[in-house]
Amino acid sequence: MSTASQAKKTAKTPTGTASATPLGTAQPQPSAPDEAHDQIVRLEPALIVRDDYNARTTATEPDDDLKASVAELGVQDPIHVRPQADGTYGAFKGWRRAQAQQAANATAKADDRPIRKIPAIIRADLVGNDAMTHLLSLIENDHREQMHDRDRVKAIETLALIDVSEEQREAMARALKIKRAELRAAREAGRLDDTQLRRARGQGFDLMQMAEMAEVRDVSQAVAVLESAHAKDAAEEGGGRGHWDQALAGLRQAKADAEARQSALDRLEKAEVPLLPDSFPWGTKDTSRPLTDLRTPLGAPLTPDKHAYCSGHAARLDEEFRPVWYCSDPAKHGHKLRPGAKQAKQSMSPEEKEARTRTIAGNKAWKAARTVREDFVKRLCKGKSLPEPVRQFALRTVMSPPYLYAKWCEKGETEAVAQFLGVPDPNADRSRYSRDGDPFDDLVSRQGKTKGWHQVFAQVAAAFEYSMREPKAWQGLGRHQAAYLLCLKAEGYRLSDVEELAVTKYLPQTDDEDQATEQAA
């Protein structure tokens with residue numbers, strides 16, 4: 001299909017010739033190219049310049065093969081240009097061919113070759129329409145293998161920033177066979193370096209995935225983790241983004257943890273508070289004690305403010321990177337232990353360190369998985385109809401409420417329910433003492449039975465999510481909570497590794513597992 005024919009698909013209303021329009025102003029849609037636009041004229045190569053909205057910004061020079069071909073035969077395929085205010089013509093398709101002919105003409109007399117003109121289609125209707133010019137240039141170059149990955153991303157980013165109507169932007173996305181969200185994601189994807197872009201394109205990442213990859217690119221092994229997740233999704237029947245979403249959530253959590261830790265360290269450094277090591281060599285006694293175990297000589301609690309002037313004032317960071325205040329050596333600095341304080345522990349054994357490392361990793365993974373799970377619940381609640389197994393799960397929960405559901409209902413919380421349903425929280429601006437007693441009455445009346453079960457499930461899901469909010473919840477998951485996760489899994493939710501581990505004991509055992517259990521007993 002010719003480029004002119006492609007332009008017919010994206011063009012809608014005529015514009016005629018116009019002066020150049022600034023980037024930030026709305027630009028008219030060009031008319032569909034008619035026979036006049038398709039007419040080929042011969043232009044002097046010296047009159048042709050690169051159009052400012054040519055999508056190719058790297059590898060813009062013609063290679064030796066192209067130069068040799070043009071020197072011998074001239075330009076065979078017409079280039080596309082639009083008139084410029086200074087009398088020249090801006091090439092938005094075929095600029096490399098134009099340069100090759102310019103170079104050939106410069107040496108034609110010396111090489112006893114004819115001086116040739118360049119066949120061109122003049123698009124006067126694109127004068128002033130930078131958006132469509134850029135789009136047509138991108139389509140042309142996107143179909144050529146030589147186009148650099150960065151050119152494509154930058155070109156799509158430019159299209160996302162140009163001020164055009166929503167109808168035009170929809171047409172652009174359709175012409176490029178990308179989603180509207182990918183237009184917006186191009187700017188973030190442009191932050192990847194050339195190596196990362198080539199790697200992402202080679203793996204088949206779309207622009208949304210490239211943007212997400214750029215978000216976490218500084219996390220150790222992020223690219224490899226995402227590539228593995230993408231391959232797993234591609235290998236599964238039905239595809240989807242289950243593995244990708246879980247991997248991305250984990251990387252986002254790792255990035256947030258690194259930033260939180262660094263911020264905490266910066267604050268301690270600014271306050272000139274030393275950070276105690278988390279562990280000591282095996283057999284070495286840790287003389288430090290948390291301030292909560294200590295008292296002043298008169299028996300008063302030893303607060304951080306009171307202890308700040310002690311030369312043993314120090315801190316450790318907890319799992320959430322909050323400072324826990326310590327004295328590095330209470331005996332040396334004259335502090336008393338509070339009554340009932342436990343004896344100081346020796347350094348952890350290698351086995352204890354390994355167990356603690358696993359626990360911390362599991363806690364962080366559980367916290368990261370929650371964001372992905374809640375997004376899945378939102379999609380269920382926004383669906384046209386609620387899947388029957390989900391409806392039955394919600395019905396059983398309401399009819400035979402487990403303790404976690406009854407306890408949550410007593411709280412009268414509405415924020416999570418509103419988020420799952422995509423509506424404003426009716427109690428957002430109310431104190432706990434002035435909350436609306438019937439917060440969703442209006443919603444129930446408006447939506448009726450069409451969305452009734454969606455509302456019930458949103459409330460049930462909010463209760464279960466609240467019951468599993470603590471990072472350590474995975475270590476002692478109850479059977480009702482496991483049933484909730486398995487219900488989501490049956491509807492397409494990809495359980496993370498820690499979620500799979502948490503529900504394992506509630507899954508039916510195979511014969512081999514039964515035998516192994518008996519032998520262990």
Side-chain angles (χ1 to χ4, degrees), residues 216 219 221 225 228-229 232 241-258 260-261 278 317-322 348 351-380 390 393-394 396-397 401-408 411 413 415-416 419-420 457 460-510 513 516-517 520:
V216 297
V219 179
Q221 298 296 312
V225 169
S228 175
K232 289 178 181 178
R241 282 176 45 116
H243 290 286
W244 177 279
D245 287 339
Q246 293 291 1
L248 180 64
L251 293 170
R252 283 172 170 165
Q253 183 65 54
K255 178 182 178 182
D257 286 347
R261 176 178 172 79
D278 288 330
L317 299 179
D318 66 11
E319 292 181 17
E320 298 297 322
F321 308 105
R322 295 168 299 201
M348 289 188 293
E351 293 76 17
E352 289 174 323
K353 289 180 183 178
E354 184 179 351
R356 185 170 185 272
T357 298
R358 285 198 305 268
T359 297
I360 292 175
N363 291 352
K364 292 185 180 300
W366 184 259
K367 183 178 178 181
R370 182 177 180 180
T371 62
V372 185
R373 192 171 63 243
E374 289 182 342
D375 284 342
F376 184 82
V377 171
K378 289 176 186 176
R379 291 195 292 273
L380 284 177
V390 177
F393 179 85
R396 284 195 297 270
T397 301
Y403 175 71
L404 67 88
Y405 179 71
K407 182 180 178 182
W408 181 85
K411 294 178 62 66
E413 296 290 343
E415 182 180 1
Q419 288 178 351
F420 288 154
F457 174 65
V460 167
F464 277 92
E465 292 297 336
Y466 182 82
S467 75
M468 301 188 299
R469 69 194 182 281
E470 295 297 334
K472 60 183 179 181
W474 64 279
Q475 295 176 301
L477 207 67
R479 65 182 181 88
H480 294 103
Q481 295 163 323
Y484 168 70
L485 293 181
L486 293 172
C487 175
L488 298 182
K489 180 181 180 180
E491 296 307 317
Y493 172 64
R494 163 60 58 184
L495 293 182
S496 66
D497 290 344
V498 72
E499 289 171 318
E500 290 278 13
L501 180 63
V503 303
T504 297
K505 65 180 179 180
Y506 297 105
L507 297 176
Q509 290 188 331
T510 63
E513 290 172 334
T517 302

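Since the structure is predicted, the reported quantities are computational estimates derived from the model, not experimental observations.
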| Atom pair CG/NZ of Leu404 and Lys407 - distance to nearest 0.5 Å | 9.5 Å

| field | Heavy-atom closest contact (Gly362 atom, Val498 atom, distance) | value | O-CG2, 3.8 Å

| query | When rounded to the nearest 0.5 angstrom, what distance separates CD in Gln246 from CG in Leu495? | reply | 7.5 Å

| request: Starting at CG of Leu486, measure out to CZ of Arg479 and round the result to the nearest 0.5 Å. | output: 13.0 Å

| Can you find a heavy atom in the side chain of Met468 that is under 4.5 Å from one in the side chain of Trp366? | yes

| request: Could you tell me whether Glu499 and Arg373 have a side-chain N and a carboxylate O separated by less than 4.0 Å? | output: yes

| Hey, is the main chain of Ala368 close enough, under 3.5 Å, to the side chain of Thr371 for a donor-acceptor pair? | yes

| task | Please check if atom CG in Asp497 has more than 12 non-hydrogen atoms from other residues, nucleotides or ligands closer than 6.0 Å. | result | no

| Tell me, do His480 and Tyr405 make a side-chain contact under 4.5 Å, heavy atoms counted? | no

| message | Less than 4.5 Å apart, side chain to side chain, heavy atoms only: is that true for Val372 and Leu248? | response | no

| task | Return yes if some donor-acceptor pair links the side-chain N/O of Tyr506 with the main-chain N/O of Leu477 below 3.5 Å, else return no. | result | yes

| message | Quick check for you: to the nearest 0.5 Å, what is the distance between Phe420 atom CZ and Arg379 atom CZ? | response | 12.0 Å

| field | Pair Phe464 and Phe393, ring centroids less than 6.0 Å apart | value | yes

| note | Ala461 and Val377 have their tightest heavy-atom pair at CB-CG1, 3.8 Å

| field | Contact summary for Asn363 and Pro471, nearest pair of heavy atoms | value | OD1-O, 3.3 Å

| said: Is any side-chain heavy atom of Gln481 closer than 4.5 Å to one of Ser467? | reply: yes

| note | Output for pair (Thr359 OG1, Lys472 NZ), nearest 0.5 Å, gives 11.0 Å

| field | Lys367 with Glu319: basic N within carboxylate O range, under 4.0 Å | value | no

| said: Contact between Arg261 and Leu317 at the side-chain level, heavy atoms closer than 4.5 Å - yes or no? | reply: yes

| request: Calculate, to the nearest 0.5 Å, the distance between atoms NE2 and CG belonging to His243 and Asp245 respectively. | output: 11.0 Å

| request: Quick one: closest heavy-atom pair of Trp474 and Ala502, and the distance? | output: O-CB, 3.6 Å

| task | Considering only NZ, NE, NH1 and NH2 on the basic side and carboxylate oxygens on the acidic side, decide whether Glu465 and Arg469 come within less than 4.0 Å. | result | no

